[in-house]
Structures are given as structure tokens and as C-alpha cells.
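Just the heavy atoms: all of them, side chains too, but no hydrogens, waters or symmetry mates, feed the values below.
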Amino acid sequence: DNTVIGTEAGMVMQIGASDNVIIGEEAGQALIDGDDNVFIGEDAGYNSTTSSDNTFVGNTAGRSNTTGFANAFFGDEAGYDNTTGFWNTAVGDSALIDCGVGFMNTAIGHGAGCATEHGDFNTFVGAYAGGDNNRTNSTTNANRNTYIGTSCGFTNREGSDNVGMG
């Protein structure tokens, strides 16, 4: 069973979609056949088509997600540009906002990991921690970094396997 509340929310869902909770104007609007998603907030999960096991809470959280799965985005614009990325967690306004295809990233704090488009296996804790990580959008670097503290690691654009605290 699906629960859908809001103007144009879950608008194109088909009979194969199941166990979704979609609340908010245009939330989950493009969802055709996904299962076990929770989209709460205006435009949350807007472009999700066949994605499953996602939780997006906040205005435009996970808005660009198409087929990404098992992501958790909490906060306005959290995970906004995620398209096919998976197993990502973002908590805070604009956390992982540019993470399009990265996987297994964790960002906690306002703007944490906000430029990490292709990075994988990163952990950012604190406002703007790892903020510029992967700014060059390379698909081969800016992986496996851990930054804890406000703006810690903000200027790292391409480095991998770094740890920063403070």
C-alpha cells in the first residue's frame, strides 16, 4: 500500500509501486515503480523513477534522484543532486547537495560535503566539513576522506585518504 498526500505527489505511480509514503507538493512526482520510499516535503524525491529504500525529508531533499537507492537525506536541499548514488546519508541543510553519483558517503552538518559529486566512502561531520571535496568533479579522486569539525577539510578538492580534525 502507498500513502500519498499533496498536490501532484506520486502523480505517475503505477501498480508495481508499493509501500511508499509520499507527503508534500510534487513529492515523488515521477515515481513509477519504486518501493519502500519515504518522501516528505515539497519536491522531496521529485525525479525518483524506480528508486527504492530511500528516505528524503525536507524541501527538495533528494530532488534529482532517479534510480539511487538506500539513501537517507534530511534537511532542505540535502542530497539535492543525487541521481544514481546509493547508500549515502546526509543530515543538514545542503549536506551532500551536489552528490550526484557518489556512494557510501556520510555528511552531517549544514553544507557538509556539499561539492562531493563523484566522491565515495567519505565522512564529513560539522558545518561545511569537506565542503569543497571533489570540487573538480573528478571520478578518480576525493575518496575515503574523513573530516570532523566546522569547515575542516573544506579546501580539499582532489585528495584521497585524508583525515582532518578541528
For this session: Assess the pair Phe103 and Phe121: is the distance between their ring centroids shorter than 6.0 Å?
Result: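 So the answer is yes for these two rings.
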
Contact between [X] and [Y] at the side-chain level, heavy atoms closer than 4.5 Å - yes or no?
{"X": "Asn71", "Y": "Phe56", "value": "yes"}
{"X": "Thr66", "Y": "Thr84", "value": "yes"}
{"X": "Ile97", "Y": "Cys114", "value": "yes"}
{"X": "Glu25", "Y": "Thr7", "value": "yes"}
{"X": "Thr139", "Y": "His118", "value": "yes"}
{"X": "Thr60", "Y": "Asp43", "value": "yes"}
{"X": "Ser48", "Y": "Asn37", "value": "no"}

So, [X] side chain and [Y] main chain: donor-acceptor pair closer than 3.5 Å or not?
{"X": "Asn105", "Y": "Leu96", "answer": "no"}
{"X": "His110", "Y": "Asp93", "answer": "yes"}
{"X": "Asn133", "Y": "Gly153", "answer": "no"}
{"X": "Asn162", "Y": "Asn145", "answer": "no"}
{"X": "Ser160", "Y": "Asn143", "answer": "yes"}
{"X": "Asp1", "Y": "Asp19", "answer": "no"}
{"X": "Asp120", "Y": "Gly102", "answer": "no"}

For this session: Please step through side-chain contact (heavy atoms from CB on, under 4.5 Å) for the pair Phe39 and Asn54, ending with a clear verdict.
Result: CA-CA 8 Å; Phe39 303 146; Asn54 292 297; 4.2 Å; yes

Taking atom types as modelled and ignoring hydrogens, do the side chains of [X] and [Y] form a donor-acceptor contact shorter than 3.5 angstrom?
{"X": "Thr155", "Y": "Asp132", "value": "no"}
{"X": "Thr116", "Y": "Asn134", "value": "no"}
{"X": "Ser138", "Y": "Thr140", "value": "yes"}

Nearest heavy atoms of [X] and [Y], plus distance in Å:
{"X": "Met104", "Y": "Asn88", "value": "N-OD1, 3.3 Å"}
{"X": "Ala129", "Y": "Gly149", "value": "CB-O, 3.5 Å"}
{"X": "Asn137", "Y": "Glu117", "value": "OD1-OE1, 3.2 Å"}
{"X": "Met165", "Y": "Cys152", "value": "N-SG, 3.5 Å"}
{"X": "Ala90", "Y": "Ala95", "value": "CB-O, 3.6 Å"}
{"X": "Gly58", "Y": "Ala44", "value": "O-CB, 3.7 Å"}

With rounding to the nearest 0.5 Å, note down the distance linking [atom1] in [X] to [atom2] in [Y].
{"X": "Thr3", "Y": "Ile22", "atom1": "OG1", "atom2": "CD1", "answer": "9.0 Å"}
{"X": "Cys99", "Y": "Tyr80", "atom1": "SG", "atom2": "OH", "answer": "15.0 Å"}
{"X": "Phe74", "Y": "Ile108", "atom1": "CZ", "atom2": "CD1", "answer": "11.0 Å"}
{"X": "Asp35", "Y": "Asn20", "atom1": "CG", "atom2": "CG", "answer": "6.0 Å"}
{"X": "Ile5", "Y": "Ile23", "atom1": "CD1", "atom2": "CD1", "answer": "4.5 Å"}
{"X": "Gln14", "Y": "Leu31", "atom1": "CD", "atom2": "CG", "answer": "9.5 Å"}

For this session: Among Asn82, Asp81, Thr83, find the residue that satisfies the side-chain hydrogen bond (donor to acceptor under 3.5 Å, both in side chains) test when tested with Asn65.
Result: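 Filter result, single survivor: Asn82.
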
For this session: Assign the ring pair Phe69 / Phe86 to parallel, tilted or perpendicular, where the plane angle (0 to 90°) is split at 30° and 60°.
Result: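 Ring orientation of Phe69 relative to Phe86: parallel.
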
Exercise. Please walk me through it: do Thr55 and Val38 pass side-chain contact (heavy atoms from CB on, under 4.5 Å)?
Worked result: CA-CA 5 Å; Thr55 302; Val38 176; 4.2 Å; yes

Problem set entry | Arg157 vs Asn141, side-chain contact (heavy atoms from CB on, under 4.5 Å): CA-CA, chis, key distance, verdict | CA-CA 9 Å; Arg157 292 186 170 197; Asn141 60 32; over 6 Å; no

Problem set entry | Step-by-step side-chain contact (heavy atoms from CB on, under 4.5 Å) determination, Arg63 to Asn47 | CA-CA 6 Å; Arg63 187 185 195 286; Asn47 285 320; 3.7 Å; yes

Exercise. Any chain of hydrophobic side-chain contacts (each under 4.5 Å) joining Val91 to Phe124?
Worked result: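 No; Phe124 is not reachable from Val91 via cluster members.
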
